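Notes to accompany the following structure.
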Amino acid sequence: MFAEPCCADELRQLLICAKRYRIPLSVIGAGSNILAGDKELRRIVARLGGDFKKFSFCGTAMRCGSGLGLNQALLAGQRRGLAGLEFLAGVPGTIGGALVSNAGAWGRSIGDAVEQVRVMGRSGRIKVLHKKDIKFSYRSSGLEKYIILDAVFRLKRTASAQIREKISQYLKQRHAAQDNSRPNAGCVFKNPSGGVSAGRLIDLCGLKGRRIGGAVISLRHANFILNSGGAHARDVLALMRLAKNKVKNKFGITLEPEIKIWL
Ligand code: EPU
């Protein structure tokens, strides 16, 4: 089942309905960090539209709906001369998805810039969480038990041209290091603690270019699995299992998935 609630009231009705019929509900965001299984999904998939895509400013604060695209948010900030989220340039997701997984790049995460997040509990109750109430850590926030409605970011007045320049630098860096030649979900594994890159570990196992079905480990960045055409989720999962086993045998390190797997 697929639903697109366009305001908090519609979302509440959907949650009540999901609860009554005991069907799990998952929010898809931009779908950019999700591997959906090959079989029918036994859940309601919700995409947040309408009001959830809006943004507004108050002084140097920017309120973004959770369904707003990250890159649209960056662009709106840049036009207004407000800086603070540029490090996320090129990350393909929504504000809500990025907050739940505390998305980040270049040593910073979205949680660093948040002031408060408005959420709805599974029973439909709305709560405002301040930064201090949220347990942001590497690729985690503890917010998955809620549905995020919107968030306020504290930004900094900066010349628009300067922000544009920063965004373009980050995009160049991303383009040089990562592989978007084919559809993919970004890094499939989290980096293990200790500052080592999962991509480097998989690379050192000689797995770049390894293919199963339509899925292939990128030649440019070994933590990226590309859909080279007609890949099934089972192909991606088989490559993930292979990489996990090889890294465990060679380095004694257990890789954990970064992507969300919906089976
Ligand atoms: N490296 C290799 N071989 C590879 C890939 C990387 O040797 O196949 C080396 C690089 O040369 C570099 C080091 O490993 O010396 C780190 O690589 P990179 O700078 O690409 O960073 P990463 O740790 O692999 C992390 C995030 C990315 C984020 C970049 C940039 C995770 C799992 N990944 O990647 O986030 O964009 O830093 O800050 O935290 C994502 O979350 O989906 C994602 C792509």
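Scope of the values below: all heavy atoms of this structure, side chains included, with no hydrogens, waters or symmetry mates. In each ligand, atom 1 is the first atom listed, and ligand 1 is the first ligand listed. Owing to the predicted nature of the structure, the values given are computational and were not obtained by experimental measurement.
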Counting only heavy atoms not in [X], do more than 12 sit closer than 6.0 Å to its [atom1] atom?
X      : atom1 : result
Arg43  : CZ    : yes
Tyr21  : OH    : no
Arg220 : CZ    : yes

Non-hydrogen atoms of Ser66 and Leu48 that approach each other most closely: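 For Ser66 versus Leu48, the nearest heavy atoms are OG-CD1, 3.3 Å.
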Side-chain (Asn71) to main-chain (Val91) donor-acceptor, under 3.5 angstrom: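 A pair under 3.5 Å: yes.
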Starting from the N and O atoms of ligand 1, find every protein N or O within less than 3.5 Å and list the pair with its distance.
{"unit_1": "ligand 1", "atom_1": "3 (N)", "unit_2": "Asp203", "atom_2": "OD2", "d": "2.7"}
{"unit_1": "ligand 1", "atom_1": "7 (O)", "unit_2": "Arg200", "atom_2": "NH1", "d": "3.1"}
{"unit_1": "ligand 1", "atom_1": "8 (O)", "unit_2": "Lys208", "atom_2": "NZ", "d": "3.3"}
{"unit_1": "ligand 1", "atom_1": "8 (O)", "unit_2": "Ala222", "atom_2": "N", "d": "2.8"}
{"unit_1": "ligand 1", "atom_1": "20 (O)", "unit_2": "His221", "atom_2": "NE2", "d": "3.0"}
{"unit_1": "ligand 1", "atom_1": "23 (O)", "unit_2": "Asn191", "atom_2": "ND2", "d": "2.8"}
{"unit_1": "ligand 1", "atom_1": "24 (O)", "unit_2": "Ser197", "atom_2": "OG", "d": "3.1"}
{"unit_1": "ligand 1", "atom_1": "24 (O)", "unit_2": "His221", "atom_2": "NE2", "d": "2.9"}
{"unit_1": "ligand 1", "atom_1": "35 (O)", "unit_2": "Arg139", "atom_2": "NH2", "d": "3.2"}
{"unit_1": "ligand 1", "atom_1": "36 (O)", "unit_2": "Arg174", "atom_2": "NH2", "d": "3.4"}
{"unit_1": "ligand 1", "atom_1": "36 (O)", "unit_2": "Gln178", "atom_2": "NE2", "d": "2.8"}
{"unit_1": "ligand 1", "atom_1": "38 (O)", "unit_2": "Trp106", "atom_2": "N", "d": "2.5"}
{"unit_1": "ligand 1", "atom_1": "39 (O)", "unit_2": "Tyr138", "atom_2": "OH", "d": "2.7"}
{"unit_1": "ligand 1", "atom_1": "39 (O)", "unit_2": "Arg139", "atom_2": "NH2", "d": "3.1"}
{"unit_1": "ligand 1", "atom_1": "41 (O)", "unit_2": "Arg139", "atom_2": "NE", "d": "3.4"}
{"unit_1": "ligand 1", "atom_1": "41 (O)", "unit_2": "Arg139", "atom_2": "NH2", "d": "3.0"}
{"unit_1": "ligand 1", "atom_1": "41 (O)", "unit_2": "Glu258", "atom_2": "OE2", "d": "2.5"}
{"unit_1": "ligand 1", "atom_1": "42 (O)", "unit_2": "Cys187", "atom_2": "N", "d": "2.9"}

Residue pairs passing the salt bridge (charged side-chain N to carboxylate O under 4.0 Å, His left out) test where at least one lies in residues 224-238, sequence neighbours excluded: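 Pairs touching residues 224-238 that pass the test: Asp38-Arg234.
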